[in-house]
Amino acid sequence: MTLFADVVVPLPVERVFRYLVPERLRGAVRPGVRVLVPFGRRELTGFVVSLAEEPGPDGVSLKEISVVLDADPVFGPPFLAFSRDLARLSYVSWGEVLQSALPPSFLVRERTSVSLTPAGADVARKGGLGKRERELARLLGSRTYTPAHLSRKLRGVDVSGLLARMESKGLVQVRKSVGALEPRRRPRPQKPPADETQLVLDFRAGSVRGEAVDPVFQRLGAGGFASFLIRGPQAGRDALYVALLREVGARSGTAVVLHPEVASTRAFAERLETRLGGVAAVLHGEVPEARREREWRRVREGRVSVVCGTRAALLAPLARPLVFIVDDEHEESYLQERPAFDVRLGARLRAEAEGALLVMGSEVPTVESVHRARKGGWLVELPGEERPASVEVVDAGRDKGLISARLARALAGALAGGGQAVVFHNKRGYAASLVCVQCAFIPKCQRCEIPLVLHKRGGTLVCPLCGESKPAPIACPRCAGRFQARGAGIEAVEEALRRLFPDIPLASFDSDALIRRGDQDAVVRRFARGALKILVGTELLARRRDVPAVSLAAVLAPERILARPDFRAGQRAYQALHRMIRFCAGAEGGRALIQTALPDHFVIRSAAAGDYEAFCREETDFRRLLGYPPFSAMAEVVLEGGSLRGVGGEARRLAEALRRADSSVEVLGPALAAVPRVRGLFRVQIALRAADREAIDAILASSLPPGGGRLSVSVFS
DNA sequence: AGCACGCCGACT
DNA sequence: GTCGGCGTGCTC
């Protein structure tokens, strides 16, 4: 009987393709192996996801798998199932998810090389070529290049079309070759000594048990999927995680610990190292690629029982994972990067697929997670909180100027006592925009259509989205009028502080002042030494964990976050304030000051009081009253494209299809996205609201064009 | 993502 | 009149 295989490819194509399995590859083609397949006129690395005995319904003529790249599958059945669901619910292709689970070297790439034929060189010498053709011939000479290189050199030229024409005329030769065809069957490093893992786990260390966390250990003992949300301070959570990892080691299982950023991953890995010894692999973006591949192999060979890392670690090739830990559950950075998926969703799906425990933790979890965990009875609250001695809220409205008199006094007091201070202002540059006082002209980015930010340091106007910068104009290009600066940025705060404290050493801490990682580290070290007394910082500073506790932590204008057009704005503001206030926790007499135009807003009041409960109650009420998640599910579909006409039409058709599909789903838009244009691409969005996530997924599954392509979806529930 | 097919402006 | 731009659609 003929055998067939279903294959996914690492392209933004949300389909499974069926191939013929030639007789010679019968035994070798198994679910989870990498294969080389003809795809269009290319040869691609694909992943076999299942075998079939039928050619499929639609009578397409099937192609044959050409090569099997693995002797043993790189993906097991639970991983295939998990990645399929993750891809479907994240609206990205299965093949791309699988690709991102492997080291880059596992993708065999087809190399295309272009060279001039003798005939082509001849014609070129005789001047018988068109303008474009001549240029290409000159570029090639007697050498060989890839089409990508050629199109980089010949900007704005359709190289593929040009090459096709020249190839058909016999002027150039286009050759394709595939590298590294042998299945990777490197000599398996002899069985890891069975006791290597055992050796490093220290079971004698005290356990962190208590009534609150007992259910977690019980469920781990019982086996199978269960989830928990741990709300509590970092130290308590870390202790619980380490205890869980010990338990996992005792059961000869493995675990994944996810953190939102490289810095927190490192910090945890170090703590783990001192408490458990070298059982962990560390995977994040700042680990060099070769090292990452080694770590990946260590995990795959079962020589590691814990993987610590940022989101990529979720896809690590662990055998027998018993626990998935997602720390700082509330962090946004769990959403970004491509392929774009929500790590919390991913961790839940993988834990379900593997029959493992999902443990999420945070000191300030999202109200969505708290709501669900309360309802499901899996919220675990740990005692203790790091609160600053005092937090004062200052009404900015009473004062003109960036630094209120109250804040200036507080700063002076802290400095007089020999203390240090941090001042947070989360806005880069000197002024948010320039406005002509005569004609009201606002300089905007040509490609992104948002106001350009004035950077006084460099004397430039910079686009906050695409980074393009140009010299700041002296006068309005339209009417030669004078410009006025609007909206103070961090440079203006630094300037105001220098005026107030001319003799105090201070520095700005933002990505413009300190571009390189090393410079940022150096400034933190100088601050820690006491060589700097005040740091003025953006979010970049707020996310550091290595800044010593200060006498005064000041936050300027947190209401800017509340003004964002996003139902989670309150939550984000609370989390940001929590993070920033924390900088004075632990210092002798440490205090915080929030200078805001909205001193009575419940988010600012509860953040100042360190009262998460109160915040969560009010925020949850607000969500309930306005029908936002977790009391509904929302989705945002963003379409991108080169022309507004094209994207607009596509969006209109999609919105119509969505409205027709299910009248119980609210469809808003299409409208220009909050960021209407990025790097020259127009962005149009459609928002959806429905009773639950299932309704959203159902309507999108039925209405999205099967091509997928230039559109991204985020779902909130 | 590539790559081909198909419809409207500036040049041999 | 064609060459050549990119909008649209497909890849087993």
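Predicted model only: the values in this text are computed from it and were never measured. Quick note on labels: first sequence line is chain A, next is B, and so on, each numbered from 1.
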A/L11 atom CG is separated from C/dC12 atom C1', nearest whole Å, by 13 Å

Checklist entry - Hey, is A/E332 close enough to A/R572 for a salt bridge, meaning N to O under 4.0 Å? => result yes

In whole angstroms, the gap separating C1' of C/dG9 from CZ of A/R653 amounts to 12 Å

note: A/E43, atom CD; B/dC3, atom C1'; distance rounded to Å ~ 16 Å

Ranking C/dC12, B/dA1, B/dA4 by distance to the side chain of A/F17, first place goes to C/dC12

Indicate, with a heavy-atom threshold strictly under 4.0 Å, whether A/P10 touches base, sugar-phosphate, or nothing.
nothing

To the nearest angstrom, the NZ-P distance between A/K63 and C/dT11 comes to 9 Å

List the atom pairs, with distances to 0.1 Å, where a side-chain N or O of residues 44-52 of chain A and a protein N or O form a donor-acceptor pair under 3.5 Å, not counting sequence neighbours.
{"from": "A/T45", "atom 1": "OG1", "to": "A/V108", "atom 2": "N", "distance (Å)": "3.0"}
{"from": "A/T45", "atom 1": "OG1", "to": "A/V108", "atom 2": "O", "distance (Å)": "2.7"}
{"from": "A/S50", "atom 1": "OG", "to": "A/D6", "atom 2": "OD2", "distance (Å)": "3.4"}

Whole-Å distance, A/Q99 CD to B/dA1 P, equals 12 Å

Atom CD of A/E14 and atom P of C/dG9 are separated, to the nearest Å, by 17 Å

Taking the six-membered ring where the residue is Trp, are the ring centres of A/F17 and A/F39 under 6.0 Å apart? yes

A/R18 CZ to C/dT11 P, in whole Å, measures 15 Å

*Could a donor-acceptor pair under 3.5 angstrom be found where the side chain of A/R42 meets the base of B/dA1?*
yes

**Item:** Below 4.0 Å: OP1/OP2 of B/dA4 and any side-chain N or O of A/R41
**Value:** yes

Practice problem: Decide whether a cation-pi geometry holds between A/R311 and A/F341; the criteria are a distance under 6.0 Å from NZ or CZ to the six-membered ring centre and an angle within 45° of the ring axis. | Solution: yes

Rounded to whole Å, the CD-P distance (A/E96 to B/dG2) equals 11 Å

* When all nucleic acid strands are considered with a 4.0 Å heavy-atom cut-off, which category describes A/F39: base, sugar-phosphate, or nothing? -> base

